[in-house]
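The next block holds one structure in the form of structure tokens; read it before the comments.
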2 protein chains.
Amino acid sequence: MSAPSIRARVRAEMIEEIKAVARRHLATEGGNLSLRAVARDLGMVSSAVYRYFPSRDALLTVLIVEAYQALGDAAEAGDAAAARDDLRGRWLGVAHAVRAWSLAHPAEYALLYGSPVPGYAAPSETVVPAQRVVFALAAIMIEGAAAGRLAPPDGTPVPSPVRVDLARLLAQRPGALTEEQLARCMAAWSQLFGLVSFEVFGRLAQGVVEDSEAYFDHQMRLMADLAGLPAEPGRPAEPGPRHDRGQSDEPGQSDEPRQSGRPGQPDEPGQPASEE
Amino acid sequence: MSAPSIRARVRAEMIEEIKAVARRHLATEGGNLSLRAVARDLGMVSSAVYRYFPSRDALLTVLIVEAYQALGDAAEAGDAAAARDDLRGRWLGVAHAVRAWSLAHPAEYALLYGSPVPGYAAPSETVVPAQRVVFALAAIMIEGAAAGRLAPPDGTPVPSPVRVDLARLLAQRPGALTEEQLARCMAAWSQLFGLVSFEVFGRLAQGVVEDSEAYFDHQMRLMADLAGLPAEPGRPAEPGPRHDRGQSDEPGQSDEPRQSGRPGQPDEPGQPASEE
DNA sequence: CCGAACCGAGAGCACCGCTCTCGGTTTGCC
DNA sequence: GGCAAACCGAGAGCGGTGCTCTCGGTTCGG
């Protein structure tokens with residue numbers, strides 16, 4: 001079944017090689033990918049690259065799509081690393097996985113969530129993979145709601161104009177969330193990327209927050225509280241979110257070096273039992 | 001008093017003119033400011049611009065600093081527009097002012113909160129003006145705490161490593177906030193810029209959320225709940241943020257259409273840094 | 001087997017940030 | 001008032017960029 005001719009094979013390999021070198025350049029240099037430099041690294045002349053990608057933006061686009069996929073994979077792996085009924089552990093697993101991937105790939109993260117690149121607008125093939133992270137968060141809440149383990153939202157109710165927008169979203173996907181719960185899910189989602197953007201783009205670590213991983217962990221726990229996720233696995237929802245957490249372990253994290261500063265206890269920063 | 005010679009005067013005017021044209025280019029074209037194009041618009045040759053700015057990055061830096069000032073001015077004006085004891089109104093005023101300025105100046109916002117530009121690292125003169133927004137939020141909470149009008153935080157307590165970081169921050173500035181409250185303030189801060197980044201960079205309005213201003217308003221109200229801000233002016237804090245008034249629609253509460261896009265009150269973006 | 005498709009190299013275009021040199025003007029000091 | 005020094009704009013030029021086009025050589029498929 002090797003219908004693909006030799007030429008087609010080397011073409012596919014060449015495309016992969018160009019993407020690999022481009023990704024490497026993106027990692028070492030900044031976000032301004034130079035097509036000529038990539039060609040130079042490959043021992044080609046710049047015009048030869050145009051046999052494989054019609055423009056530099058096209059190259060960037062496929063890198064963006066693949067970066068979305070990698071980020072989505074990491075997020076789902078972070079979810080899968082926790083026990084199914086440990087809703088809060090899964091939530092934090094997704095969040096920490098997103099953060100770890102982003103810190104390990106800052107230039108690609110900037111392509112996804114930084115300023116849009118000058119000319120081009122994110123093409124349509126990016127919208128689906130871009131939704132995987134928020135869907136991962138929503139899935140956890142949906143499961144919790146189905147199991148009756150989500151604390152009922154209190155506080156400001158959703159006003160009508162927002163309610164219709166959210167209801168339209170909810171109608172698209174199966175799952176039983178109220179508009180209040182979906183709004184909280186999206187709050188956690190934007191909070192997650194706000195935090196990661198601050199950290200990746202260096203607008204946080206001006207010596208202000210020393211232990212940025214523990215800070216991030218706490219912030220995402222606040223969002224878990226907001227979402228109504230139970231603090232412990234297997235328990236039904238409690239109206240007042242308590243907090244002494246069960247297993248200390250949990251994240252796993254699959255790939256990505258995680259570079260968490262200090263190893264040994266990669267996640268779950270020291271949360272002392274009651275107080276200090 | 002005109003000690004500045006004629007030459008110095010025209011030099012200062014020239015600098016202002018260059019900045020103005022650069023800002024215009026930034027608004028019309030994308031974020032990749034072309035120094036040659038700016039020079040062309042001024043009827044100069046590119047090398048002449050180097051008499052006034054040592055490099056393109058230096059030009060960008062002063063634009064960044066002034067953009068921080070303009071954003072800070074807008075945020076503080078948004079705070080000042082509400083009655084002093086209407087803590088929630090001030091909170092929402094700051095948030096909506098930040099959003100309005102950012103939507104009105106997307107390219108400058110991208111300089112401040114998007115991907116860092118390739119080569120240069122934000123110089124030190126940007127850190128102080130960059131803190132004005134979060135300080136505005138913190139000031140509201142501090143006043144609320146001093147008046148005993150902040151609902152006590154519930155949910156996950158701050159773990160010790162984060163506590164020491166936050167305690168160091170609290171020691172720098174006067175004001176009586178607990179670490180829990182400061183953590184919530186910073187949550188609202190990152191949430192605010194996460195939301196604005198999503199909207200300015202177009203990662204939200206894929207037809208998903210129709211009424212993005214109402215959505216933003218509700219999200220920031222959720223953060224106000226999280227911060228413990230009282231729902232109505234002049235009332236003391238309520239322990240449990242209740243909200244019975246079960247009408248499906250908003251309570252009286254002056255629905256807060258805020259500067260809803262409608263002109264006539266073009267907000268205060270633009271506000272060119274009230275001079276020094 | 002041979003035309004067609006594909007491929008890499010090279011030259012070239014317009015643009016970029018930036019440097020340097022060269023005359024002309026303004027300034028400030030003696 | 002004169003004059004050196006500082007300042008200024010124009011121009012040429014360097015190395016870099018994305019991209020186009022042409023030209024030979026290779027491979028594919030009918």
Side-chain angles (χ1 to χ4, degrees), chain A residues 1-19 21-22 24-26 28-64 107 111 116-121 123, chain B residues 1-19 21-22 25-26 28-64 107 111 115-121 123:
Chain A
M1 215 15 154
S2 58
S5 61
I6 294 178
R7 192 168 228 168
R9 286 189 68 87
V10 331
R11 179 180 176 84
E13 286 171 15
M14 196 66 190
I15 288 180
E16 281 309 309
E17 204 165 347
I18 291 175
K19 289 195 293 190
V21 174
R24 187 160 51 80
H25 270 244
L26 218 49
T28 59
E29 326 297 331
N32 45 359
L33 181 67
S34 162
L35 204 146
R36 285 182 115 113
V38 171
R40 231 178 285 123
D41 262 26
L42 287 165
M44 310 173 69
V45 89
S46 76
S47 62
V49 180
Y50 285 84
R51 301 286 179 195
Y52 302 93
F53 293 96
S55 75
R56 171 177 165 276
D57 283 359
L59 211 193
L60 276 179
T61 297
V62 325
L63 292 181
I64 287 175
L111 285 182
V117 308
Y120 102 130
Chain B
M1 189 154 303
S2 59
S5 61
I6 294 178
R7 191 167 228 168
R9 286 191 67 87
V10 328
R11 178 179 177 84
E13 286 171 13
M14 197 65 188
I15 288 180
E16 282 309 310
E17 204 165 348
I18 292 174
K19 290 195 293 189
V21 173
H25 270 246
L26 218 49
T28 60
E29 325 298 330
N32 45 359
L33 182 67
S34 162
L35 204 147
R36 285 182 115 113
V38 171
R40 230 178 286 124
D41 262 25
L42 288 166
M44 310 174 71
V45 91
S46 77
S47 62
V49 180
Y50 286 84
R51 301 286 180 194
Y52 302 93
F53 292 95
S55 74
R56 170 176 165 277
D57 283 0
L59 210 193
L60 275 179
T61 297
V62 325
L63 292 181
I64 287 175
L111 285 183
S115 337
V117 308
Y120 106 128

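To find a chain, count down the sequence lines: A is the first, B the second, and so on, and within it residues start at 1.
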Exercise. The side chain of A:Ser55 lies closest to which of these nucleotides: C:dC18, D:dC19, C:dC22?
Worked result: D:dC19
Exercise. With respect to A:Val38, which candidate in A:Arg56, A:Glu17, A:His25 satisfies the side chain to side chain contact (heavy atoms under 4.5 Å, CB included) definition?
Worked result: A:His25
Seminar exercise, completed: From the candidates C:dC22, C:dG17, D:dG18, the one with an atom nearest any side-chain atom of A:Leu35 is D:dG18
For this session: Assign A:Leu59 to base, sugar-phosphate, or nothing according to its heavy-atom contacts below 4.0 angstrom with the strands shown.
Result: nothing
Seminar exercise, completed: Between CG of A:Asp41 and C1' of D:dT17 the distance, given in whole Å, is 16 Å
Problem set entry | Atom-to-atom span, CZ of A:Arg36 to P of C:dA14 - whole angstrom | 15 Å
Exercise. Please give, in whole Å, the distance from D:dT17 C1' to A:Asn32 CG?
Worked result: 10 Å
For this session: Specify the separation, in whole Å, of atom CG of B:Leu33 and atom C1' of C:dC18.
Result: 15 Å
Seminar exercise, completed: Note: for A:Ser47 and A:Ala37 on DNA chain D, the residue whose nearest nucleotide lies more 5' is A:Ala37
Exercise. Is B:Ser46 touching bases, backbone alone, or none of the nucleic acid, heavy atoms closer than 4.0 Å?
Worked result: base
Exercise. Looking at A:Met44, A:Arg9, A:Lys19, A:Arg51, which hits side chain to side chain contact (heavy atoms under 4.5 Å, CB included) with A:Met14?
Worked result: A:Met44
Exercise. With respect to the phosphate group of D:dG9, does any side-chain polar atom (N or O) of B:Tyr52 fall under 4.0 Å of OP1 or OP2?
Worked result: yes
For this session: Using a cut-off of strictly less than 4.0 Å, decide whether B:Arg40 has a side-chain nitrogen or oxygen near OP1 or OP2 of C:dC16.
Result: yes
For this session: Please report, rounded to the nearest Å, how far the C1' atom of D:dT17 is from the CZ atom of A:Phe53.
Result: 19 Å
For this session: Report the distance from atom CG of A:Asp57 to atom P of D:dC19, rounded to the nearest whole Å.
Result: 6 Å
Exercise. Looking at B:Arg11, does any N or O in its side chain come under 4.0 Å of the phosphate oxygens OP1/OP2 on D:dC8?
Worked result: yes
Exercise. For B:Arg56 and C:dG17, is the shortest distance between a side-chain N/O and OP1 or OP2 below 4.0 Å?
Worked result: yes
Exercise. For the pair made of CZ in B:Arg9 and P in C:dT27, what is the distance, rounded to whole Å?
Worked result: 12 Å
Seminar exercise, completed: Closest heavy-atom pair, B:Ala22 versus B:Leu63, reported as atoms and distance to 0.1 Å, is CB-CD1, 3.9 Å
Exercise. Within this structure, what is the CD1-to-P distance between B:Ile15 and D:dG9, rounded to whole angstrom?
Worked result: 11 Å
Problem set entry | Heavy-atom check, side chain of A:Val49 versus side chain of A:Arg36, under 4.5 Å | no
Seminar exercise, completed: Smallest heavy-atom separation, A:Ser46 atom then A:Leu35 atom, equals O-CD2, 4.0 Å
Seminar exercise, completed: Picking from C:dC7, C:dG24, C:dA9, the nucleotide nearest the side-chain atoms of B:Arg7 would be C:dG24
For this session: Have a look at B:Leu42 and say if it touches a base, only the backbone sugar-phosphate, or nothing, with a 4.0 Å heavy-atom cut-off.
Result: nothing
Problem set entry | Short side-chain N/O contact from B:Ser34 to OP1 or OP2 of C:dC16, under 4.0 Å | yes
